[in-house]
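What follows is a single structure, written as structure tokens, with notes after it.
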Amino acid sequence: RVQLVETGGGSVQAGGSLKLSCAASGYTVSNHYMGWFRQAPGKEREGVAGIDPHDSTKYADAVKGRFTISRDNAENMLHLQMNSLKPEDTAMYYCAAREHSGWLLAFQMLFSSAYDHWGQGTRVTVSS
């Protein structure tokens with residue numbers, strides 16, 4: 001069965017950086033759509049970044065220019081490099097993987113409904 005395990009969360013001051021990783025088992029990260037989502041307390045889950053089978057990426061406006069999604073096919077992992085962190089980036093961050101075939105439009109990569117498998121999340125706290 002598919003398992004996604006996120007690591008790399010933690011507490012950091014505003015302006016700092018963190019790198020989140022998502023280790024996949026029972027699933028090959030290459031050739032699939034994958035994404036990062038976050039959910040802040042009292043808010044709905046939102047798409048942060050997505051990557052398509054050809055490594056094209058899509059970012060939420062709130063993180064564009066600060067976050068970078070990438071994957072390591074050899075290690076079968078997905079990453080999210082987060083720079084210039086802000087207090088509003090505080091949230092639980094989730095890795096997501098799509099199983100279904102069929103192409104997505106770029107903006108659809110930020111829709112949670114596009115994904116079939118989810119990790120348990122890793123917490124990011126940014127203090128001012």
Applying side-chain contact (heavy atoms from CB on, under 4.5 Å) to Asp55 and Arg71, what does each step give before you reach the verdict? CA-CA 8 Å; Asp55 289 342; Arg71 60 178 145 216; 2.9 Å; yes

Determine, stepwise, if the pair Ser70 / Gln81 fulfils side-chain contact (heavy atoms from CB on, under 4.5 Å). CA-CA 8 Å; Ser70 64; Gln81 177 67 47; over 6 Å; no

Under the side-chain contact (heavy atoms from CB on, under 4.5 Å) rule, what do Leu20 and Thr122 come out as? Steps first, then yes or no, please. CA-CA 8 Å; Leu20 306 184; Thr122 186; 3.9 Å; yes

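One finds the CG atom of Leu104 at 12.5 Å from the NZ atom of Lys58 (value rounded to the nearest 0.5 Å). The OG atom of Ser127 lies 5.0 Å from the CD atom of Gln13; values are rounded to the nearest 0.5 Å. Atom-to-atom distance recorded for Asn83:CG and Thr68:OG1 is 6.5 Å, nearest 0.5 angstrom.
Screening Glu6, Glu46, Glu44, Glu88 against Arg38 for a salt bridge (charged side-chain N to carboxylate O under 4.0 Å, His left out) leaves a single residue, Glu46.
The aromatic rings of Trp118 and Tyr94 sit perpendicular to each other, their planes meeting at more than 60°, with 30° as the lower class boundary.
Side-chain atoms of Asn76 come within 3.5 Å of backbone atoms of Val29 as a donor-acceptor pair (strictly under, hydrogens ignored). Remark: side-chain polar atoms of Thr90 are paired, donor with acceptor, to backbone N or O of Val126 under 3.5 angstrom. Looking only at distances, no side-chain donor or acceptor of Glu75 sits under 3.5 Å from a matching main-chain atom of Asp72.
With contacts defined as side-chain heavy-atom distances shorter than 4.5 Å, the pair Cys22/Trp36 qualifies. Using a 4.5 Å cut-off on side-chain heavy atoms (C-beta onward), Gln3 and Tyr27 make no contact. Within the 4.5 Å cutoff, side-chain heavy atoms of Val124 are placed close to those of Leu18. With contacts defined as side-chain heavy-atom distances shorter than 4.5 Å, the pair Lys86/Arg66 qualifies. With a 4.5 Å cut-off on side-chain heavy atoms, Val48 and Phe67 count as touching. Ile69 is listed as a side-chain neighbour of Leu78, based on a closest heavy-atom distance under 4.5 Å. Using a 4.5 Å cut-off on side-chain heavy atoms (C-beta onward), Pro53 and His32 make no contact. Put simply, the side chain of Met109 does not reach to within 4.5 Å of the side chain of Ile51, judged on heavy atoms.
Hydrophobic clustering, with ILVMFWY side chains joined whenever heavy atoms are under 4.5 angstrom apart, keeps Met92 apart from Leu4. Under the 4.5 Å side-chain heavy-atom criterion for ILVMFWY residues, no single connected hydrophobic cluster contains both Phe107 and Tyr59.
A side-chain donor from one of His79 and Ser21 sits under 3.5 Å from a side-chain acceptor of the other. Neither side chain, Tyr115 nor Arg98, offers a donor N or O lying under 3.5 Å from an acceptor on the other. Judged by distance alone, the side chains of His100 and Asp116 do bring a donor and an acceptor atom under 3.5 Å apart.
Nearest heavy atoms, Ser30 versus Asn73: CB-OD1, 3.3 Å. The shortest heavy-atom contact between Ser112 and Phe37 is N-CE2, 3.4 Å. In plain terms, the two heavy atoms of Gly102 and Tyr33 that are nearest each other are O-CE1, 3.8 Å. Minimum heavy-atom separation, Pro87 to Ser128: CG-CB, 3.9 Å.
In this structure, Lys64 places its NZ atom where more than 12 heavy-atom neighbours from other residues, nucleotides or ligands lie under 6.0 Å away. Within a 6.0 Å radius of CD in Gln120, other residues, nucleotides and ligands contribute 12 heavy atoms or fewer.
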